[in-house]
Amino acid sequence: MTPLLRLDEVSVTIPADGTRRRVVTDITLDVAPGEALGVVGESGSGKSMTARTVMGLLPRGSTVAGTVRFDGHDLPPAGSGNRAQRARTVTARRDIGMIFQDARAHLDPRQRVGDFMTETGASARAAAELLDRVGIDDPLRRMRDRPHQLSGGMLQRVMIASVLLARPRLILADEPTTALDVTTQADVVSLLDELRREDGTALVFITHDLDLAAAFCDRVAVMYAGCLQEVRGADLLLTAPLHPYTRGLLASRPGGRTRAARLPVIPGRPLSAFEAPPGCAFATRCAHVVDRCRETRPSLTARHGGLVRCDRVAELDTGPGAGAGYDTGPGAGPGRETGTASGVVAGSGSGSGTGTGSAEATR
Ligand code: SF4
């Protein structure tokens with residue numbers, strides 16, 4: 001099937017503190033029409049920057065190498081290309097909707113909810129119907145409210161409704177539930193999944209929660225230091241992960257513990273792309289590192305129906321379930337339980353930061 005979205009060797013550099021920083025490195029990825037792709041990684045892994053690259057929402061002065069194609073057309077960075085190309089890009093991006101992490105930060109506090117939802121030409125009636133579908137009571141009254149009159153959960157529903165109102169063919173959801181409490185998170189995610197399935201909309205779901213991504217995405221891409229490390233069907237990623245980083249993330253989940261126990265950790269702290277060492281970006285934290293890992297950067301290669309970036313994968317792969325026994329190395333605590341199937345994994349925060357310590361990596 002022809003992909004709806006294709007990223008081909010996309011690398012992104014942004015200006016920061018008087019210098020330039022690489023935030024995304026060589027991302028090659030497809031999303032098929034109607035497919036849900038989860039993108040998982042710690043803070044600074046580049047997942048939000050990847051979505052922003054697709055939308056042309058990078059900071060001024062950023063540079064993008066490689067190509068982003070949507071529905072067969074190149075999407076050059078915002079402002080680049082000739083007038084015709086820019087017009088085509090603007091038109092194509094109207095078929096892509098983005099749900100941001102913090103709805104309150106993306107709504108004008110002076111604007112009424114109804115005005116926000118209808119500013120692109122949708123009718124008030126259609127907006128009210130969609131608000132009703134996303135679980136907003138008395139939608140016509142709520143459309144007269146301003147953002148400060150709605151809770152965080154309601155605002156996130158408003159943002160989802162406003163994106164769906166435009167009937168996009170692709171939704172980029174950047175940690176849409178991070179600001180919500182756990183109960184509301186589950187509601188919002190199920191709702192998003194239900195509505196996008198009804199319309200056959202493709203979804204890129206960015207999260208730090210590997211279990212959440214695997215629960216309702218078809219495939220999951222794991223990012224570290226601005227790079228894809230593993231891409232695999234959601235079930236296989238949980239049951240037979242191949243990359244040491246994915247294995248470490250899965251092993252460090254709280255799982256079904258019934259008593260307090262020290263969780264295994266991935267030693268060190270997450271790195272952003274610009275901090276990554278030569279060779280394998282994960283080498284500074286990997287329990288299986290050998291000298292050659294530090295010399296050559298592994299390529300993303302096909303294995304067991306997915307893609308993995310590790311030159312030792314053949315030696316470490318002992319077949320399905322190998323991930324259950326992965327030793328997360330120094331810092332792994334006593335009483336650990338690995339390979340369990342529930343709980344929260346990976347770090348918090350978006351992909352736009354620079355990463356702050358191993359506690360986030362293992363919570
Ligand atoms: S290439 Fe080496 S350092 Fe990198 S993930 Fe594989 S074993 Fe670990």
Side-chain angles (χ1 to χ4, degrees), residues 9 11 22-29 38-47 50 208 210 213 219-233 236-253 263-332 336 338-339 345-347 351 355 357-358 360-362:
E9 296 190 2
S11 296
R22 171 78 64 91
V23 290
V24 169
T25 306
D26 288 345
I27 299 281
T28 294
L29 197 61
V39 179
V40 178
E42 296 167 277
S43 295
S45 60
K47 51 196 191 300
T50 303
H208 60 268
L210 210 159
R219 288 185 302 149
V220 177
V222 179
M223 288 187 71
Y224 182 80
C227 248
L228 287 175
Q229 304 297 337
E230 184 161 4
V231 185
R232 188 163 301 279
L236 273 178
L237 193 85
L238 288 187
T239 57
L242 291 179
H243 196 284
Y245 178 56
T246 316
R247 294 182 183 190
L249 289 176
L250 289 169
S252 63
R253 294 180 301 174
L263 291 175
V265 299
I266 302 173
R269 69 171 180 87
L271 302 180
S272 296
F274 67 90
E275 301 173 300
C280 175
F282 189 54
T284 55
R285 305 176 72 194
C286 183
H288 304 287
V289 62
V290 294
D291 284 349
R292 68 184 155 91
C293 300
R294 300 188 181 94
E295 290 158 11
T296 314
R297 184 164 167 264
S299 330
L300 201 59
T301 52
R303 191 166 185 86
H304 295 339
L307 298 167
V308 62
R309 190 188 296 279
C310 170
D311 280 349
R312 297 197 66 204
V313 67
E315 302 161 56
L316 302 174
D317 178 14
T318 55
Y326 177 67
D327 181 354
T328 52
R336 70 180 181 224
T338 56
V345 71
S358 60
E360 284 192 325
T362 57

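Residues: numbered from 1 along the sequence shown. As the structure lists them, so they are numbered: ligands from 1, and atoms in each ligand from 1.
Screening residues 297-306 for salt bridge (Lys or Arg N to Asp or Glu O under 4.0 Å) gives D26-R297, R303-D317 as the qualifying pairs, with residues at least two apart or on separate chains.
Neighbouring protein atoms of atom 4 (Fe) of ligand 1 (N, O or S, distance under 2.8 Å, waters ignored): C280 SG.
Classification of the F282-Y224 ring pair by plane angle, with boundaries at 30° and 60°, yields perpendicular.
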**Request:** Determine, stepwise, if the pair T246 / R232 fulfils side-chain contact (heavy atoms from CB on, under 4.5 Å).
**Result:** CA-CA 11 Å; T246 316; R232 188 163 301 279; over 6 Å; no
**Message:** Is there a side-chain contact (heavy atoms from CB on, under 4.5 Å) between E42 and Y245? Walk through the geometry before answering.
**Reply:** CA-CA 11 Å; E42 296 167 277; Y245 178 56; 2.4 Å; yes
**Request:** Please assess L250 against L238 for the test side-chain contact (heavy atoms from CB on, under 4.5 Å), listing each intermediate value before the final yes or no.
**Result:** CA-CA 7 Å; L250 289 169; L238 288 187; 3.6 Å; yes
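When each of V231, T50, L307 is tested with L29 by the rule side-chain contact (heavy atoms from CB on, under 4.5 Å), just one qualifies, namely V231.
Side-chain atoms of R247 come within 3.5 Å of backbone atoms of P241 as a donor-acceptor pair (strictly under, hydrogens ignored).
Residue H243 has at least one heavy-atom neighbour below 4.0 Å for each of these atoms of ligand 1: 5 (S).
R292 does not count as a contact of ligand 1, since none of its heavy atoms falls under 4.0 Å from the ligand.
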